[in-house]
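Reviewing the structure listed below.
Source: prediction; values computed, not measured. Numbered from 1 within each chain, the chains take letters A, B, ... in sequence-line order.
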There are 2 protein chains.
Amino acid sequence: MSKPTIYSIAQRCGVSAATVSRAFNRPELVSEAVREQIVAAARELGYQPSSAARGLVTGRAEMIGLIVSDITNPFFPLLVRSIQHTAERMGSSLMLVDAEESAAAEVRHVAQLRSRVDGVIVASPRSSSAALREAARGLPCVLLNRPLRELSSVVCDNTSALFDVGEHLYKHGHRSYALLAGPSASWAAARRSQAIRRWARGREVELAELGPFRATFKGGRQAGAALLGTEATAAFAFDDLTACGVLAELAGRGVSVPGERSVVGCDDVLLARTVTPSLTTVTAPMDDLGATAVQVLTRRIEAPGGPPEHVTLPGVFVARDSTGPRSTS
Amino acid sequence: MSKPTIYSIAQRCGVSAATVSRAFNRPELVSEAVREQIVAAARELGYQPSSAARGLVTGRAEMIGLIVSDITNPFFPLLVRSIQHTAERMGSSLMLVDAEESAAAEVRHVAQLRSRVDGVIVASPRSSSAALREAARGLPCVLLNRPLRELSSVVCDNTSALFDVGEHLYKHGHRSYALLAGPSASWAAARRSQAIRRWARGREVELAELGPFRATFKGGRQAGAALLGTEATAAFAFDDLTACGVLAELAGRGVSVPGERSVVGCDDVLLARTVTPSLTTVTAPMDDLGATAVQVLTRRIEAPGGPPEHVTLPGVFVARDSTGPRSTS
DNA sequence: CTGAAAGCGCTAACAT
DNA sequence: ATGTTAGCGCTTTCAG
């Protein structure tokens with residue numbers, strides 16, 4: 001009465017184990033009558049193929065790893081969903097691990113995943129490029145929101161959308177801006193700051209740089225406090241979570257948004273739509289990002305020798321209620 | 001130049017494969033000199049034991065599955081962390097899957113996990129008890145926040161803390177309450193409603209029952225709108241996320257909290273501390289819940305025959321800024 | 001303390 | 001269309 005294997009089924013059906021195996025993997029190679037008999041027996045016995053045994057012989061785990069820098073950040077849940085969906089459609093399971101914002105944990109986890117997965121996606125890595133490169137040596141890997149020549153990557157570029165944000169604010173009369181920078185280990189943060197600086201230079205507009213702040217609600221409150229120390233009437237927050245913190249801080253101090261200050265976020269997480277006032281932000285194509293990452297990874301798994309792929313997806317500007325005309329006071 | 005195995009190492013060190021295996025698994029059985037040599041060779045070759053091969057022979061995947069009803073709910077990230085930590089300490093990896101609030105996906109996923117994990121934790125299941133029981137047949141399983149006689153469970157009971165909440169509100173002069181009920185498929189929701197009802201009956205106080213509402217920010221806004229249709233001066237929200245929605249809705253309509261209405265949440269997720277005003281709520285012992293779940297599961301894996309365990313951990317009342325004296329208007 | 005050998009459950013040639 | 005056979009990489013008796 002032990003756990004059923006292809007042998008128990010084979011015996012029960014009077015065929016060989018190979019036939020049972022084929023019945024599941026290459027059904028076209030086995031006669032319909034036998035196949036049906038096998039399938040029936042399997043269901044009856046509650047047969048579950050052993051993925052260890054299969055993995056051992058095929059060399060495939062049919063599992064991909066996903067390392068996120070901070071599961072707590074609302075940016076990730078949506079991404080996780082999209083990745084899980086796509087992976088499932090490709091016949092793989094997802095193994096998710098949270099690095100808790102620690103670069104060390106990140107590389108430790110990829111090392112640990114090596115033997116259990118076919119490949120790994122590292123989302124918003126905090127590790128140094130060198131560490132990442134080294135950790136991924138010989139393991140199919142795609143980086144999300146961090147380009148690196150030697151590894152594949154899919155990133156969301158908000159440069160153009162941030163220009164749109166700037167223009168939007170400019171049209172509302174703002175001339176003095178604050179840039180609330182994100183974590184220094186984040187490529188996205190650097191990239192966004194750069195875009196905003198570039199835009200500001202082009203417009204010959206005032207830009208106060210504050211931060212870096214942590215990409216948390218709390219970091220946002222600090223950013224909000226810092227913002228109030230400046231004359232800026234409009235602020236670019238690193239992301240929506242930060243922006244929400246800014247909103248909360250301003251609200252707490254009785255500063256109205258967008259009446260007295262305009263605030264924009266980035267990413268368009270759920271929170272951005274539900275907070276009051278709703279956030280003007282840049283929508284990241286989460287579904288695409290996730291799906292593309294899985295597809296690129298799949299290609300790397302199938303052709304480990306190939307050259308790394310790099311795909312860039314643009315964010316898109318969306319105006320909501322946290323921005324408005326510059327106060328005339 | 002293929003992937004190193006215990007054989008490559010054995011050959012290189014002039015020992016047998018068995019010795020290499022022992023060097024890693026039962027180091028005390030091999031002489032120090034040989035062991036050191038083996039370890040050195042392994043490091044040099046970048047040896048990684050194949051978990052498939054080991055799993056095949058040991059019958060252990062050294063991996064546990066975690067199914068969450070909705071990764072998007074801020075309740076889970078903390079839980080995931082605690083579970084991942086504990087699992088890691090017990091030598092297991094974590095395979096996380098999101099059921100996206102679908103009961104069907106839940107049971108589908110446990111079926112799919114069967115062959116890849118040693119056991120599974122289902123957090124806040126939405127499936128029927130019968131479906132759960134059936135899906136977990138023969139698979140070590142512990143339910144989080146849902147008791148079920150035949151399966152192990154660890155639940156957080158807030159009954160006593162909710163009484164404290166009631167008393168706290170009562171002392172502030174509130175006599176008319178609203179109960180904003182959570183999802184009907186959630187055991188926690190039913191349990192909390194029941195506790196609040198019981199308390200209200202004991203105090204002979206007015207209690208309007210509203211809902212059920214979805215456990216989302218949006219659901220909270222709806223609950224907030226519903227709340228304004230009543231005379232209640234204090235509201236029990238199902239959880240913190242809902243409570244935040246209520247707060248947002250009231251703020252949007254210019255109703256002050258706690259000035260005009262007091263609002264309490266439940267769970268004490270990060271958000272509860274960061275929202276304005278900060279939420280009076282009931283703190284769930286996340287770390288304990290997660291750690292206990294893993295420990296119980298581990299026991300079931302090691303002794304699959306044993307009787308199910310049921311552990312209950314209490315939540316604790318914490319007063320913050322979203323509750324105050326009943327308005328005198 | 002170490003080696004030889006068997007086998008975990010499955011797949012993939014190679015035969016038939 | 002089906003059976004035979006040989007491993008995949010590892011652990012684990014059983015003998016030395």
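Residues A/M95 and A/L113 are in side-chain contact: their nearest non-hydrogen atoms beyond the backbone lie under 4.5 Å apart.
Taking the side chain to side chain donor-acceptor pair (under 3.5 Å) definition, one finds that B/S184 meets it with nothing, sequence neighbours left out.
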Return all side-chain donor-acceptor pairs below 3.5 angstrom for residues 64-78 of chain B, not counting sequence neighbours, or 'none' if the list is empty.
{"residue": "B/S69", "atom": "OG", "partner": "B/S124", "partner atom": "O", "Å": "3.4"}
{"residue": "B/D70", "atom": "OD1", "partner": "A/R81", "partner atom": "NH2", "Å": "2.8"}
{"residue": "B/D70", "atom": "OD1", "partner": "B/T72", "partner atom": "N", "Å": "3.0"}
{"residue": "B/N73", "atom": "OD1", "partner": "B/F75", "partner atom": "N", "Å": "2.8"}

Donor-acceptor contacts under 3.5 Å from residues 41-51 of chain B side chains, at least two apart:
{"residue": "B/E44", "atom": "OE2", "partner": "B/R12", "partner atom": "NH2", "Å": "3.0"}
{"residue": "B/S50", "atom": "OG", "partner": "B/A52", "partner atom": "N", "Å": "3.4"}
{"residue": "B/S50", "atom": "OG", "partner": "B/A53", "partner atom": "N", "Å": "3.0"}
{"residue": "B/S51", "atom": "OG", "partner": "A/S115", "partner atom": "O", "Å": "2.9"}

For residues 54-63 of chain B, run the donor-acceptor check on the side chains, cut-off 3.5 Å, and write out each pair with its distance to 0.1 Å, sequence neighbours left out.
{"residue": "B/T58", "atom": "OG1", "partner": "B/R54", "partner atom": "O", "Å": "2.8"}
{"residue": "B/T58", "atom": "OG1", "partner": "B/R60", "partner atom": "N", "Å": "3.1"}

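Contact annotation: A/S16 reaches the phosphate of D/dG3 (side-chain N/O to OP1 or OP2, under 4.0 Å).
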* Per-nucleotide protein contact string for nucleotides 11-16 of chain D (B base, S sugar-phosphate only, - none; heavy atom under 4.0 Å) -> BBB---
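Counting to the nearest Å, the P atom of D/dG9 and the CD atom of B/Q11 are 14 Å from each other.
Between the side chains of B/E309 and B/S152, no donor N or O sits under 3.5 Å from an acceptor N or O. Between the side chains of A/S93 and B/R116, at least one donor N or O sits under 3.5 Å from an acceptor N or O.
Under 4.0 Å is where a charged nitrogen must lie from a carboxylate oxygen, and between B/E88 and A/R108 at least one such pair does.
Note that the first and last nucleotides of DNA chain C, 5' to 3', having any atom under 4.0 angstrom from a heavy atom of chain A are C/dG9 to C/dA13.
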